[in-house]
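One structure is given below, encoded as structure tokens.
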Number of protein chains: 2
Amino acid sequence: MSEHPLPDAGLLALSRDFREALRHSIYLVRRLDADGELSAAQLSTLKMLLDSSEGSAEARGEANGVRVGEIARNLGVKVPSATEQIIKLERAGLVRREADPADSRAVRVKLTAEGHAAVESANTRRNAVMAGILGSLSDAERQALAAAIPVIGKINETLQP
Amino acid sequence: MSEHPLPDAGLLALSRDFREALRHSIYLVRRLDADGELSAAQLSTLKMLLDSSEGSAEARGEANGVRVGEIARNLGVKVPSATEQIIKLERAGLVRREADPADSRAVRVKLTAEGHAAVESANTRRNAVMAGILGSLSDAERQALAAAIPVIGKINETLQP
DNA sequence: CCTAACTGTTAGGCTCCCTAAGTATGAGTG
DNA sequence: CACTCATACTTAGGGAGCCTAACAGTTAGG
């Protein structure tokens with residue numbers, strides 16, 4: 001009990017409230033995704049591939065693909081879990097697996113055209129639902145939310161080993 | 001595409017960023033819970049029972065318990081899912097199920113002393129982990145987070161039918 | 001070489017959630 | 001009072017997602 005610097009009451013209260021908010025948000029995200037044909041986990045995977053292809057590939061005209069281990073790390077899951085999702089996405093025609101020319105152990109996962117379209121459309125739909133919710137907030141509330149998002153992002157990065 | 005009031009670009013961007021933050025936060029919550037003996041779903045259930053017993057029961061000296069349907073609604077899951085969790089918790093000795101004297105169809109779920117202790121301890125431990133993370137933020141960042149928490153709470157309530 | 005390290009996949013198992021169907025009780029109506 | 005309908009929960013069966021352990025192939029270092 002005394003190994004930590006003993007956080008003060010305010011910090012603990014903030015921790016409690018933030019945890020509570022996140023706990024409920026999990027159910028919110030579930031509902032947001034409930035309608036679409038892409039599950040949350042699969043959308044996350046596709047989104048990650050999309051983001052990575054935007055960074056480097058478009059400049060060079062050809063996507064490299066992302067390695068399975070990298071996907072797993074980015075998603076915060078173990079490699080077998082990533083493999084499972086990738087196989088499902090491959091069966092659905094949304095991604096393609098190719099051998100890495102430089103390292104035959106590695107696998108390069110790439111979005112197909114269908115995958116690209118699917119992630120864009122799913123994102124658009126979910127964003128619209130969320131926008132509907134956020135639209136009912138006051139300007140001040142939206143501003144408070146916007147100010148906190150980078151902080152939440154920073155917190156999330158903390159647990160990324 | 002034109003059935004909604006067509007939210008402006010800022011609102012859509014906020015929606016996107018917030019969704020992204022929540023998506024990652026799910027993994028954060030998972031890790032926060034990874035160590036303890038109580039799963040996130042079970043802790044949520046116990047927490048709900050704890051909260052409800054604090055409100056009314058302590059004043060009257062005796063807890064009423066919470067009905068299964070109410071637990072399900074509060075947790076955002078279907079009734080059978082709540083039943084499942086409750087049965088597990090009962091087997092673990094953390095809750096007790098009793099017939100409602102006024103309505104024999106209904107079941108009243110109550111925390112046992114062990115359940116009370118378990119939820120308190122699990123919460124304390126997770127809060128400490130979270131406090132460790134939040135402690136590394138700047139004052140301004142913590143303030144931004146604190147300001148947004150009630151807003152997130154409000155958003156979560158939106159999807160509570 | 002030949003062993004050690006690394007990248008993925010497979011196998012098996014767990015939790016959590018859902019829908020559909022079943023049981024039992026309560027409430028309204030002729 | 002009986003009949004019907006609604007309500008409250010449980011049971012049964014199944015799917016998604018994650019995990020660990022064990023395996024196979026590839027690469028790299030001694």
Side-chain angles (χ1 to χ4, degrees), chain A residues 23 26-46 48 64-92 94-110 159, chain B residues 23 26-46 48 64-92 94-110 159:
Chain A
R23 188 165 71 75
I26 290 179
Y27 295 101
L28 182 148
V29 171
R30 229 198 308 272
R31 305 237 185 147
L32 218 56
D33 287 22
D35 35 339
E37 55 262 6
L38 245 46
S39 73
Q42 300 196 345
L43 180 55
S44 286
T45 307
L46 291 180
M48 195 248 150
N64 270 352
V66 181
R67 298 174 57 154
V68 175
E70 200 175 341
I71 294 174
R73 214 172 313 117
N74 192 286
L75 258 46
V77 300
K78 300 299 179 189
V79 170
S81 305
T83 296
E84 185 180 339
Q85 294 303 328
I86 292 162
I87 289 175
K88 281 186 198 168
L89 291 170
E90 188 180 37
R91 276 204 272 263
L94 303 180
V95 305
R96 204 170 39 236
R97 281 195 289 183
E98 298 178 3
D100 187 326
D103 182 346
S104 321
R105 296 172 301 180
V107 170
R108 296 259 161 209
V109 182
K110 305 180 184 183
L159 286 224
Chain B
R23 188 165 71 76
I26 289 178
Y27 295 102
L28 183 149
V29 171
R30 230 202 305 275
R31 305 237 186 146
L32 221 55
D33 287 20
D35 35 339
E37 55 262 5
L38 245 47
S39 74
Q42 301 197 342
L43 180 55
S44 286
T45 307
L46 292 180
M48 196 247 149
N64 270 353
V66 182
R67 297 174 58 154
V68 175
E70 199 175 341
I71 293 175
R73 214 173 314 114
N74 192 286
L75 258 45
V77 300
K78 301 299 179 189
V79 171
S81 305
T83 296
E84 185 180 338
Q85 294 303 329
I86 292 162
I87 290 176
K88 280 187 200 168
L89 291 170
E90 188 180 37
R91 275 204 272 264
L94 303 181
V95 306
R96 203 169 38 236
R97 281 194 290 182
E98 297 177 4
D100 187 326
D103 183 346
S104 322
R105 297 170 302 178
V107 170
R108 297 259 163 208
V109 182
K110 305 181 185 182
L159 286 226

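A quick note: this is a predicted structure, and the numbers were derived from the prediction, not measured. When reading the values below, keep in mind they use all heavy atoms of this one structure, side chains included, and skip hydrogens, waters and symmetry mates. Sequence lines set the chain letters: A, B, ... in the order given, protein chains first and strands last, and positions in each chain run from 1.
- Side-chain contact between B:I87 and B:R91 is present, with at least one heavy-atom pair separated by less than 4.5 Å.
- For B:Q42 and C:dC16, the shortest distance from a side-chain N or O to OP1 or OP2 is below 4.0 Å.
- Residues A:Y27 and B:V77 share a closest heavy-atom pair of CE2-CG1, 3.9 Å.
- Nearer to the 5' terminus of DNA chain D, by closest-nucleotide assignment, is the contact made by A:K88 (compared with the other of A:K88 and A:A102).
- Of the candidates C:dT9, D:dC18, D:dA12, D:dA12 carries the atom nearest the B:P80 side chain, counting heavy atoms from C-beta on.
- Residue B:I87 places its side chain closer to D:dT11 than to any other of C:dA11, D:dT11, C:dC17.
- For the OP1/OP2 pair of D:dC19 and a distance below 4.0 Å, the side-chain nitrogens and oxygens of A:S81 include at least one atom meeting the criterion.
- Nearest to the side-chain atoms of B:R105 among the listed nucleotides D:dC9, D:dT7, D:dT26 stands D:dT7.
- B:V79 comes within 4.0 angstrom of a base, heavy atoms only.
- Atom CG of B:D103 and atom P of C:dA27 are 7 Å apart (whole Å).
- The two atoms that bring A:E70 and A:M48 nearest to each other are O-CE, 4.3 Å, heavy atoms only.
- No contact: A:D100 has no heavy atom under 4.0 Å from any strand.
- Scanning atom types as modelled, one donor and one acceptor separated by under 3.5 angstrom connect the side chain of B:E84 and the base of C:dC17.
- At the heavy-atom level, A:V68 lies under 4.0 Å from the strands shown only through sugar-phosphate atoms.
- The phosphate of D:dA16 (OP1 or OP2) has no side-chain N or O of A:S39 nearer than 4.0 angstrom.
- In this structure, B:Y27 places its OH atom 10 Å from C1' of D:dC18, rounding to the nearest Å.
- Of the candidate nucleotides D:dT27, D:dT10, D:dG17, D:dT27 has the atom nearest to the side chain of A:S104.
- You'll find the side chain of B:T45 stays beyond 4.5 Å of the side chain of B:V95, heavy atoms only.
- Among C:dT25, D:dG17, C:dT9, the nucleotide with an atom closest to any side-chain atom of A:R97 is C:dT9.
- The distance between atom CD1 of B:I26 and atom P of C:dC17, rounded to the nearest whole Å, is 13 Å.
- When rounded to the nearest whole Å, the span between CG of A:L75 and P of D:dG17 equals 11 Å.
- Separating the CG atom of B:L89 from the P atom of C:dC16 is a distance of 9 Å, rounded to the nearest angstrom.
- In this entry the distance linking CZ of A:R91 with P of C:dT9 reads 12 Å, nearest Å.
- Each of A:R108, A:K110, A:R67 was checked for a salt bridge (Lys or Arg N to Asp or Glu O under 4.0 Å) with A:E98, and the lone residue meeting it is A:K110.
- Counting heavy atoms from C-beta on, the side chains of A:L89 and A:V109 never come closer than 4.5 Å.
- Across the protein-nucleic acid pair, B:L38 atom CG and C:dC14 atom P stand 19 Å apart, rounded to whole Å.
- Of the side-chain N and O atoms in A:Q85, none sit less than 4.0 angstrom from OP1 or OP2 of D:dA16.
- The distance between atom CZ of A:R108 and atom C1' of C:dT7, rounded to the nearest whole Å, is 12 Å.
- Among the nucleotides C:dG8, C:dC17, D:dT26, the one closest to any side-chain atom of A:A106 is C:dG8.
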